[in-house]
Number of protein chains: 2
Amino acid sequence: MESSASIRRKITLNDIAAGCGVSRATVSLVLRGSPLVNKNTRARVEDELRRQGYVYNRAAANLRRRTSSSVALVLNDLANPFFAEFAAGVDEVLAEGEFVTLLGNTGESAEREQAVLGSLIEHGPGGIILSPAEGSDARHVLAAVGTQTPVLLFNRELGGSLPEYAHWDRLMLDNQRGAKLATQHLLEQGHRRIAFFGGHDDSSSVHQRLDGYREAMHEAGVDVLPHWRVETAPTRMDAARATEQLFAHDAAPTAAVCYNDAVALGLMLGLNQRGIKPGEDFAITGFDDVAEAAFSTPPLTTLATDPRARGRQAAQILLARLRNPQADATTTVAPVTLVIRESSAHPPRS
Amino acid sequence: MESSASIRRKITLNDIAAGCGVSRATVSLVLRGSPLVNKNTRARVEDELRRQGYVYNRAAANLRRRTSSSVALVLNDLANPFFAEFAAGVDEVLAEGEFVTLLGNTGESAEREQAVLGSLIEHGPGGIILSPAEGSDARHVLAAVGTQTPVLLFNRELGGSLPEYAHWDRLMLDNQRGAKLATQHLLEQGHRRIAFFGGHDDSSSVHQRLDGYREAMHEAGVDVLPHWRVETAPTRMDAARATEQLFAHDAAPTAAVCYNDAVALGLMLGLNQRGIKPGEDFAITGFDDVAEAAFSTPPLTTLATDPRARGRQAAQILLARLRNPQADATTTVAPVTLVIRESSAHPPRS
DNA sequence: CTGAAAGCGCTTACAG
DNA sequence: CTGAAAGCGCTTACAG
């Protein structure tokens, strides 16, 4: 690296061509690994490339070739460890495929999602991986991204519906099966009065998990009482506050399938405050397997979703789409795994 | 949006110009908001832009103007909530400044860091925000990024040293002051035998926190015994395993300043296993204020670093650098705040 | 106020 | 095997 040269302006193919007496075209062929170039010429060019500290300008190449080497990753909540892991998985696979990740975080705001998509699309991503903000709808997303750029929808559906929307690939978690597994596990421990605790009913993932819970209860021939459904915001604090509602009526539950781990951990807090020992007097399951689940007191039975693997999977689906834009849209439902820990490992006590 | 048109090829300035009978140049001026354009012409062009569903090609504009509208964000561990929050803060400010975030995750591998930087630099970022992988060194980073692209170093220093390296901006946490505050707090509670627990001595942040701890002990006139320093990997499990080393000698500590929250939570685990009640029989402080700290049993006294605010700050420093490339390099030390909870709120008991 | 022309850094038929 | 030429989608002096 010639520091005197590199401090001034960027080195281009012209500099390399001039530096070793060949044409720009030949240097380009060398860079792209064409077999047409003479061995000797290639060596000479490669030396010169190194000598001048050449940096490939991928944007210029993309412009000329009408290709893209980026993928936009638009997340509803990057600060959530689940999505952070997901992003790490996406980036891992994209990087292997020589793509760069354009990051956008919407913070659960449909309005910001519009702005973020509108800005990212100007950078010409080859595709978009979108985990929608709450309340985001298909028409707005489509208006922002157009019909040229393939979209992979992760984690939730959009509101509204459009013909184009049906052509997008999807990667969803198996929410229904997960909640069913958790419910069946509690039934096997001997519980019959099982609540479904936390989350708001208007969310598509809450809906799916409720379905799984109901299905398991139905198959076991257990009637579900209305007060076994307690809605909360999907946060620890709100769940802790709502704990009392579980015990406000007769036939109080002896166990709860929680919407997610945050809610389950909040319920533990609320139970402790009432002198009820989670994992001894009351059985609990969560959903997500956050880092804390293995270390809570008691450790939390939950459903592992392996967000990093989901990220890798999402990137693979999108890369496949870029290779074959005409293929039919795919819907992938990712499996979730029941992880049994002490919070649920006992028969009913109350 | 004409779906028949938009399905085929991308709309360019030429299409718009042809569509309303002006030149490409005029359309460009409209797009860039030039005051030169006649009001009427502007309105006509803007209509046509909307009608054809034009999407600005920022890459082409950047090529022509020799500018960049992206910033690379290279993180040692995106899956860590601290860095995920940091990334969210960075992205927030960059988006406001009309920049897009190019994400790269190195997973704490210096080798991957090389590859990631080499790949990102080809996309022509205006600058790079780098939170180095462990063991990353200045020479390799400089070789990958060259001398043209400004770098902001976050969180840790690189190994090795080079003249160019000194010209990089820095944003570091006030590790020393944080550990000093924690130590002083324990001293005020009446503790004298205070350990420094966890982390490896070859890490620059461990080093700085140890310095703060020693400074506080020295100022209080308390001699530090060698066995009050226990090294561990900065993880919960390793910390739990190492707990016994605190009590292997006479004059065992009654409190510990922990390297970070993960280590502090692990120490709680280890203490509980030995029948020692953290927060009653033994005082503990952490560092980071992870989400879990407020909910552990007992809640953990720790140092809040506000990673999202750090991210915003990092982006602001880098944007300032892009506006003024010639300004002197800056070093910013971000404050940390002691958050007192129950894990440390008592005098020595043993 | 508007248009013709040159050029950002690359790639790719096409000749030779 | 190599070079001259055209062109990706923009911007920007420069004329008029």
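FYI, side chains are in, hydrogens and waters are out, and symmetry mates aren't considered; it's all heavy atoms of this structure. Chain letters run A, B, ... following the sequence lines, proteins first, then strands; residues in each count from 1. Since the model is a prediction, treat every value here as computed from it, not as a measurement.
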The residue, Ala60(B) or Pro35(B), whose nearest nucleotide of DNA chain C is more 5′ is Pro35(B)

Gap between atoms CZ and P, on Arg66(A) and dA6(D) respectively (whole Å):
18 Å

Under a 3.5 Å cutoff, is there a donor and acceptor pairing between the side chains of Ser23(A) and Thr26(A)?
yes

Could you tell me how far apart Leu36(B) (CG) and dA15(D) (C1') are, to the nearest whole angstrom?
14 Å

Can a donor-acceptor pair be found between the side chains of Glu113(A) and Ser136(A) at a distance below 3.5 Å?
yes

Between C1' on dA4(C) and CG on Asn14(B), what's the gap in Å once rounded to a whole number?
13 Å

Which of these nucleotides, dG9(C), dC1(D), dT12(C), is closest to any side-chain atom of Thr12(A)?
dG9(C)

Which base sits across from dA13(D) as a Watson-Crick or G-U pair, both distances under 3.5 Å?
none

Out of dC10(D), dA4(D), dT2(C), whichever nucleotide has its closest atom nearest the side chain of Thr41(B):
dT2(C)

Please determine, for dA4(D), whether a Watson-Crick or G-U wobble partner exists with both distances under 3.5 Å, and give it or none.
none

If you check every side-chain atom of Ser23(A), which of dT12(D), dG3(D), dG3(C) has the closest atom?
dG3(D)

Taking NZ, NE, NH1 and NH2 as the nitrogens, is one of them in Arg50(A) or Asp47(A) under 4.0 Å from a carboxylate oxygen of the other?
yes

Identify whether any heavy atom of Ala25(A) sits under 4.0 Å from a base atom; if not, whether one sits that close to sugar-phosphate; answer base, sugar-phosphate or nothing.
base

Atom-to-atom span, CD1 of Ile16(B) to C1' of dG9(D) - whole angstrom
13 Å

Base, sugar-phosphate or nothing for Val30(A)? Non-hydrogen atoms, less than 4.0 Å.
nothing

Check whether more than 12 heavy atoms from other residues, nucleotides or ligands sit under 6.0 Å from atom CG of Asn324(B), and answer yes or no.
yes

Between dC8(D), dT2(C), dT2(D), which nucleotide has the shortest distance from any of its atoms to the side chain of Arg64(A)?
dC8(D)

Separation of dA4(D) C1' from Leu29(A) CG (nearest whole Å):
13 Å

Any idea how Phe154(B) and Phe83(B) line up, ring-wise: parallel (<30°), tilted (30 to 60°), or perpendicular (>60°)?
perpendicular

In whole Å, what is the span from the CG atom of Leu13(A) to the P atom of dT2(D)?
16 Å

Check the distance between dA13(C)'s C1' and Arg32(A)'s CZ and give it to me in whole angstrom.
14 Å

How would you label the contact of Arg24(B) with the nucleic acid (heavy atoms, under 4.0 Å): base, sugar-phosphate, or nothing?
base

Expressed as a whole number of angstroms, how long is the span from Leu63(B):CG to dT11(D):P?
11 Å

Consider the side chain of Thr26(B), meaning its heavy atoms from C-beta on, and name the nucleotide among dG9(D), dT2(C), dT11(C) that approaches it most closely.
dT2(C)

